[in-house]
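Everything numeric here is computed off the predicted structure, so don't read it as measured data.
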Amino acid sequence: MNRNDVMRSLRFAFDYSDDQMISLFNHVDYPVTREQVCNWLKKDNDPNYVALSDREISLFLNGLIVEKRGKKDGKVPPPELIVDNNIILRKLKIALNLKTEDIQELLASVGNRTGKSEITAFFRRVEHANYRECKDQVLRNLIRAIKAKNRPDKIAPFEDSE
């Protein structure tokens with residue numbers, strides 16, 4: 001999933017203003033300007049669009065963790081230099097204090113029936129035999145469910161076709 005799409009979707013899900021977005025980066029000692037944030041949030045076809053780097057999306061998600069869970073004592077953990085969907089999923093799990101069952105319920109709320117063992121496989125190390133790559137659709141569905149939970153008035157309810 002495109003890093004900028006993740007940021008745009010989470011901004012909408014939590015109804016963050018530009019100032020709140022800047023604050024998320026400040027939580028992890030990474031100052032950004034309003035212009036930077038606005039350019040990251042633009043659509044891909046806008047001439048001022050700027051693609052987020054893996055490091056920047058990692059910093060954003062770390063800031064979200066601090067915003068939702070509070071700052072831990074000690075140094076701020078360094079951002080990942082390579083970010084995939086599994087890392088984004090892990091950071092969302094931490095930020096929102098989700099358990100495997102919570103993720104399962106969120107995914108089910110948007111019609112994605114996922115087993116507990118499949119979800120836990122997303123959080124394993126890459127070299128583990130039961131590791132599973134988190135595909136874009138799973139991450140997209142989880143973010144959609146987070147949006148629906150936080151802003152039910154703005155999201156059409158999921159229609160189960162069964």
Run the salt-bridge test on E133 and K135 with the 4.0 Å N-O cut-off and return the result as yes or no.
-> yes
Is a salt bridge present between R55 and E80, judged by a nitrogen-to-oxygen distance below 4.0 Å?
-> no
Measuring only between side-chain heavy atoms, which start at C-beta, is [X] closer than 4.5 Å to [Y]?
| X | Y | answer |
| --- | --- | --- |
| L107 | R113 | no |
| D18 | C38 | yes |
| L61 | I57 | yes |

How far apart are the C-alpha atoms of D136 and N85, what are their side-chain angles, what is the distance that settles it, and do they pass the side chain to side chain donor-acceptor pair (under 3.5 Å) test?
-> CA-CA 7 Å; D136 286 349; N85 289 349; 2.7 Å; yes
Donor-acceptor contact present, side-chain [X] to main-chain [Y], <3.5 Å:
| X | Y | answer |
| --- | --- | --- |
| R132 | F123 | no |
| R11 | Y16 | yes |
| R125 | Y131 | no |
| N2 | D5 | yes |
| S58 | D54 | no |

How close do [X] and [Y] get, heavy atom to heavy atom, and via which atoms?
| X | Y | result |
| --- | --- | --- |
| N97 | R69 | OD1-NH1, 3.6 Å |
| M1 | S9 | CE-OG, 4.5 Å |
| L106 | A145 | O-CB, 3.1 Å |
| G63 | H27 | O-CD2, 3.7 Å |
| L139 | V6 | CD2-CG2, 4.3 Å |

By the rule that ILVMFWY residues connect when side-chain heavy atoms come within less than 4.5 angstrom, directly or transitively, which residues belong alongside I82?
->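 Hydrophobic cluster check, I82: no partners found.
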Nearest 0.5 Å, what's the [atom1]-[atom2] distance between [X] and [Y]?
| X | Y | atom1 | atom2 | result |
| --- | --- | --- | --- | --- |
| F60 | M21 | CZ | CE | 4.0 Å |
| Q137 | R144 | CD | CZ | 10.0 Å |
| C134 | R90 | SG | CZ | 10.5 Å |
| R3 | L52 | CZ | CG | 9.0 Å |
| F12 | N150 | CZ | CG | 10.5 Å |
| K149 | D102 | NZ | CG | 7.0 Å |

Per the side-chain contact (heavy atoms from CB on, under 4.5 Å) rule, which among I22, L24, V50 passes with V37?
->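 Testing each of I22, L24, V50 against V37, the sole residue satisfying side-chain contact (heavy atoms from CB on, under 4.5 Å) is I22.
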Identify which one of K68, K147, R151 satisfies the side-chain contact (heavy atoms from CB on, under 4.5 Å) criterion when paired with F14.
->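 Per the side-chain contact (heavy atoms from CB on, under 4.5 Å) rule, the option paired with F14 is K68, out of K68, K147, R151.
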Judged by modelled atom types alone, do [X] and [Y] share a side-chain donor-acceptor pair under 3.5 Å?
| X | Y | answer |
| --- | --- | --- |
| N62 | K91 | yes |
| T114 | N112 | yes |
| D44 | N4 | no |
| S53 | E56 | yes |

For Y49, is the NZ or CZ atom of K43 found under 6.0 angstrom from the centre of its six-membered ring and inside 45 degrees of the ring axis?
->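 Output no; distance or angle outside limits.
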Shared hydrophobic cluster, [X] / [Y] (ILVMFWY, side-chain heavy atoms < 4.5 Å):
| X | Y | value |
| --- | --- | --- |
| F122 | I87 | yes |
| L92 | L98 | yes |
| L10 | Y30 | yes |

Heavy-atom neighbours of Q20 CD exceed 12 at 6.0 Å =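 Enclosed.
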